[in-house]
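Step one of this worksheet: look at the structure below.
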There are 2 protein chains.
Amino acid sequence: MGDGRSTPRGRQSPFGADGPPLGFLLASVGFGTAYRFREVLAPSGMQPREFAVLRQVATNEGISQQACGAALKVAPSQMVALVDDLEGKGFIERRPDATDRRVRALHVTARGKRALATAFEAAMQNEEGVFGSLTKAERAELRRLLQAVAVALDLEPGQHPGMGQD
Amino acid sequence: MGDGRSTPRGRQSPFGADGPPLGFLLASVGFGTAYRFREVLAPSGMQPREFAVLRQVATNEGISQQACGAALKVAPSQMVALVDDLEGKGFIERRPDATDRRVRALHVTARGKRALATAFEAAMQNEEGVFGSLTKAERAELRRLLQAVAVALDLEPGQHPGMGQD
DNA sequence: TATTGTTATACTCTATAACTATA
DNA sequence: TATAGTTATAGAGTATAACAATA
């Protein structure tokens with residue numbers, strides 16, 4: 001209605017016939033994967049960041065908040081809110097540290113362990129759902145190619161710019 | 001210091017020896033790509049969302065704000081701020097529409113065309129920087145694999161959950 | 001003096017609902 | 001009444017600095 005322009009009818013696609021640039025596709029699929037992961041985690045009562053913290057504590061029982069935050073690149077003040085949340089859900093506990101009364105040693109509760117196991121199972125099933133159409137060789141190839149891109153981007157392995165940003 | 005735990009020395013890595021799960025790697029590299037794109041765009045005086053709008057307007061001169069927003073999945077109220085910004089930079093103009101006095105027809109200025117060309121050039125060079133270590137065949141394979149994942153995730157092609165979120 | 005956890009504050013983003021002027 | 005653009009407002013998320021207790 002009322003365009004009065006030379007464009008034939010609808011709107012023009014922003015991309016040519018050969019599809020979006022590879023970088024755009026990669027970013028798009030990456031966001032989609034993160035979004036899906038968030039949905040998959042929700043039934044376990046966790047967000048991705050909380051999952052990451054819970055996992056970090058589970059593999060490092062008694063870790064301090066700041067050490068945990070440093071490993072995950074989360075600011076101390078954010079760790080407080082994050083741990084408040086996880087403690088409110090009964091997934092972790094703050095215990096006094098024997099040798100330094102400033103630190104609050106983090107420990108996973110039995111309930112937290114169960115939730116972590118559930119979340120882990122869901123994450124693995126999701127991994128299968130997302131990459132299930134690819135053969136084992138194709139997954140290996142995808143991993144190899146992504147790692148090459150990670151190197152070109154100068155990413156630290158296993159780190160996530162924006163893991164908890166949305 | 002002062003851990004008093006059975007962990008040997010430093011912190012445990014959250015992943016096994018075979019590296020992060022593929023989904024995590026994909027999300028990580030996707031975020032990294034988006035982040036890099038933002039940096040690459042900055043010298044042109046644009047953010048990714050602004051670039052998307054400018055591009056949409058350039059391929060659809062005279063498009064209305066709402067039509068543009070609908071194509072990019074941006075809410076009308078956000079389009080106002082976005083167009084304010086782009087107009088403030090002198091990249092686009094709001095002109096009255098001949099047939100409907102409610103709509104503000106969007107047009108790219110000469111300056112906007114130059115900025116768009118610069119940004120486009122930078123984006124292409126970046127694409128080369130990011131994927132330059134891959135052969136043509138490898139890039140094609142990466143595209144194919146990512147498209148398979150996009151299908152599994154049920155993503156609309158050429159759309160971006162979170163394009164403007166960070 | 002430095003460090004751990006905490007609180008307070010400001011700033012950005014985003015989502016929603018009004019409001020106006022046109023249709 | 002419905003629609004295009006605009007404004008206002010509230011909510012989340014993030015980043016920073018200040019603070020008390022302890023080292």
Side-chain angles (χ1 to χ4, degrees), chain A residues 1-5 11 31 34-35 38 42 46-50 52-53 56-57 60 62-88 92-107 160-166, chain B residues 1-4 11 31 34-35 38 42 47-50 52-53 56-57 60 62-88 92-107 160-166:
Chain A
M1 276 111 187
D3 67 354
R5 286 292 135 195
R11 270 173 264 94
F31 277 110
Y35 185 80
R38 167 175 297 274
M46 272 182 272
Q47 295 177 349
R49 246 176 324 164
E50 296 173 317
V53 169
Q56 188 72 28
V57 175
N60 299 277
I63 193 176
S64 73
Q65 283 188 194
Q66 302 229 358
C68 186
L72 267 40
K73 297 212 197 296
V74 173
S77 64
Q78 282 186 66
M79 278 302 297
V80 175
L82 218 34
V83 172
D84 281 353
D85 239 25
L86 286 168
E87 202 173 34
I92 69 177
E93 283 177 0
R94 283 187 246 234
R95 299 192 201 149
D97 183 285
T99 68
D100 187 337
R101 294 206 296 176
R102 291 173 305 180
V103 334
R104 321 276 251 121
L106 301 179
H107 292 269
H160 234 268
M163 180 61 180
Q165 280 175 17
D166 57 319
Chain B
M1 277 105 195
D3 66 356
R11 270 173 264 94
F31 276 110
Y35 185 80
R38 168 175 297 273
Q47 295 176 348
R49 246 176 325 164
E50 296 173 318
V53 168
Q56 188 72 27
V57 175
N60 299 277
I63 194 175
S64 72
Q65 283 188 195
Q66 304 228 355
C68 186
L72 266 41
K73 299 211 196 294
V74 173
S77 65
Q78 282 187 65
M79 278 302 298
V80 174
L82 218 34
V83 171
D84 281 353
D85 240 24
L86 286 167
E87 200 172 36
I92 68 177
E93 283 177 0
R94 287 188 243 233
R95 298 191 201 150
D97 184 285
T99 69
D100 187 337
R101 294 205 296 174
R102 291 173 304 180
V103 337
R104 320 277 250 123
L106 301 179
H107 293 268
H160 233 271
M163 180 60 183
Q165 281 177 15
D166 58 321

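Keep in mind the model is a prediction, meaning the values are calculated, not measured. Throughout, protein chains are lettered first and strands after them, A, B, ... in sequence-line order, and every chain is numbered starting at 1.
Mapping B:Q47 and A:D84 onto DNA chain C by nearest heavy atom places A:D84 closer to the 5' end of the strand.
At whole-Å resolution of the value, CG in B:L82 and P in D:dT6 are 12 Å apart. We find that CD of B:E87 is positioned 13 Å from P of D:dG5, with the value rounded to whole Å. B:K73 has its NZ atom 20 Å from the C1' atom of C:dC13, to the nearest Å. In this structure, CD of A:Q66 is placed 7 Å from C1' of C:dT3, rounded to the nearest angstrom. In this structure, B:R101 atom CZ and D:dA4 atom P are separated by 17 Å, rounded to whole Å. In this structure, B:L106 atom CG and D:dG5 atom P are separated by 7 Å, rounded to whole Å. One can place CG of B:L72 at 16 Å from C1' of C:dT14, the figure rounded to the nearest angstrom.
Residue A:R104 places no side-chain N or O under 4.0 Å from the OP1 or OP2 atom of D:dT22. Neither OP1 nor OP2 of D:dA4 sits under 4.0 Å from any side-chain N or O of B:Q65. OP1 and OP2 of C:dC13 both lie 4.0 Å or more from every side-chain N or O belonging to B:Q78. Between B:R49 and C:dT14, a side-chain N or O to OP1/OP2 separation shorter than 4.0 Å is present.
Nearest nucleotide to the side chain of A:R102, out of C:dT22, C:dG5, C:dA2: C:dA2. For B:S77, counting side-chain heavy atoms from C-beta on, the closest listed nucleotide (C:dA23, D:dA23, C:dA17) is C:dA17.
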